[in-house]
Amino acid sequence: MEQRIYTIEDVEDFFPVHVFECGQCFRWQRQEDGSYTGVAGGRIANIAFESYEGEAEGGSGRLQISNCTEADFENFWSQYLDLDRDYGKLKRKLCRGDKVMRKAVKFGWGIRILNQDLWETIVSFIISQNNNIPRIKGCIEGLAELLGEPVGVFEGRAWYDLPTPEKLALVTVEDLAPVKLGYRAKYLIETAKIVCQKGMPENVEDLSALCGVGPKVASCIALFGMGETGSFPIDVWVARVMSGLYGIDEKNHGAMKAYADEHFGALGGFAQQYLFYYIRNLNARK
DNA sequence: CGGCAGGCGGTTA
DNA sequence: TAACCGCCTGCC
């Protein structure tokens, strides 16, 4: 069977490692060639990028999406990958007069904030609390395989959607035991019940009414699942940046939010991702 | 073995 | 409303 590959030339400010490993998503898997395979919007795809001039920082290149028709691209991937946004402009704005941000943006130059499915981000970030990335990924795949509907088979692997709120609302903690969600299992079930009863959340206030969703998780969901680009999630890593590199008291999250509002404004979510990815990798390398 | 990982809910004062 | 504590699980 011939595989459809959709190609977009002259793409700037996009690099798969930065996009898929900056911590915003958990269902994309790195392949040997550096491309990523995953499922979103009921579509399975592989995403590859080739720089025209080697690995030039921020240089333009060719984006190739496999298992994707022109319609898939126009109707879904373009928006999902946030390709219509001018990241060059946004980065220049964030970096103006900010040496820390300049380093962070130089490091994570190819980050794009994905426009993800709301329910998927709710599930993902409830699972993410007090947890590490490999295990978060395992939990999400396990949940999809246990209770999700099949999406299809791609390169020999079957992919599943996450279970819907309706499905999840009807199971018990014991049913979810194989997924090893720990104490988060009951948060998910309870949240599914709330969503079934009250509908999908529409803002941060609604999010806070869910179970297992505190300030940090709600900010992440707002940013990644609701398009709230000004949302500035503060986790331990961002708190470390804000205290270590911006000089704000490590425990004073209120002051950090105020700083973000004042200096990053509606670009707070992008700022947070650049800073988060930067500080995490600084830490990982030593 | 204790400590910790992209916090939260519950309980106290 | 701020401070503390326990929590599933897996890995160091």
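A note on names: the letters A, B, ... follow the listed sequences, proteins ahead of strands, and every chain is numbered from 1. In what follows, every heavy atom counts, from backbone to side chain, and hydrogens, waters and symmetry copies are set aside.
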Mind calculating the distance between CD (A:Q273) and P (B:dG6) to the nearest angstrom?
14 Å

Show your reasoning for whether salt bridge (Lys or Arg N to Asp or Glu O under 4.0 Å) applies to A:D72 and A:R43.
CA-CA 8 Å; A:D72 286 326; A:R43 297 165 172 87; 3.0 Å; yes

Which heavy atom of A:I133 sits nearest a heavy atom of A:R280, and at what distance?
CD1-NH1, 2.9 Å

Using the P atoms only, state how far B:dG6 lies from C:dA3, rounded to an integer number of Å.
23 Å

For nucleotides B:dC4 and C:dC7, find the distance between their C1' atoms and express it as a whole number of Å.
13 Å

Is it the case that the side chains of A:D10 and A:S60 hold a donor-acceptor pair, with the cut-off being a distance below 3.5 Å and no angle test?
no

P atom, B:dG10 versus C:dC8: distance in rounded Å?
13 Å

Name the orientation class of the two ring planes belonging to A:Y183 and A:Y187 (parallel below 30°, tilted from 30 to 60°, perpendicular beyond 60°).
perpendicular

Pairing of DNA chain C as dot-bracket, 5' to 3': ( ) intra-strand, [ ] crossing, | other strand, . unpaired, with Watson-Crick or G-U pairs under 3.5 Å?
|||||||.||||

Under 3.5 Å between N/O atoms: give me all the protein pairs with nucleotides 7-10 of chain B, atom names plus distance.
| residue | atom | partner | partner atom | Å |
| --- | --- | --- | --- | --- |
| B:dG7 | OP2 | A:N130 | N | 3.3 |
| B:dG7 | N1 | A:N130 | ND2 | 3.1 |
| B:dG7 | N2 | A:Y183 | OH | 2.8 |
| B:dC8 | OP1 | A:G214 | N | 2.8 |
| B:dC8 | OP1 | A:G214 | O | 3.1 |
| B:dC8 | OP1 | A:P215 | N | 3.4 |
| B:dC8 | OP1 | A:K216 | N | 3.3 |
| B:dC8 | OP1 | A:V217 | N | 3.0 |
| B:dC8 | O4' | A:Q129 | NE2 | 2.9 |
| B:dG9 | OP1 | A:G212 | N | 2.8 |
| B:dG9 | OP1 | A:V213 | N | 3.4 |

Heavy atoms of other groups near A:E250 CD, more than 12 under 6.0 Å
yes

Presence of A:R240 side-chain N/O under 4.0 Å of B:dA5 phosphate oxygens OP1/OP2:
yes

Should the ring pair A:F107 and A:Y277 be called parallel, tilted or perpendicular, given that the plane angle runs from 0 to 90° and is split at 30 and 60?
tilted

Euclidean distance, atom CZ of residue A:R135 to atom P of B:dA5 [Å, nearest integer]
14 Å

Cation over ring face, A:R157 and A:W159, 6.0 Å, 45°
yes

A:W28 and A:F20 aromatic centres sub-6.0 Å
yes

Chain A on DNA chain C: first and last contacting nucleotide, 5' to 3', under 4.0 Å to a heavy atom?
C:dC7 to C:dG10

Using atom CD1 of A:I221 as one end and atom C1' of B:dG6 as the other, report the distance to the nearest whole Å.
13 Å

Starting at CD1 of A:I126 and ending at C1' of B:dG6, how long is that distance when rounded to a whole Å?
15 Å

Take the protein atom CG of A:N132 and the nucleotide atom P of B:dG3, then report the distance between them rounded to whole Å.
18 Å

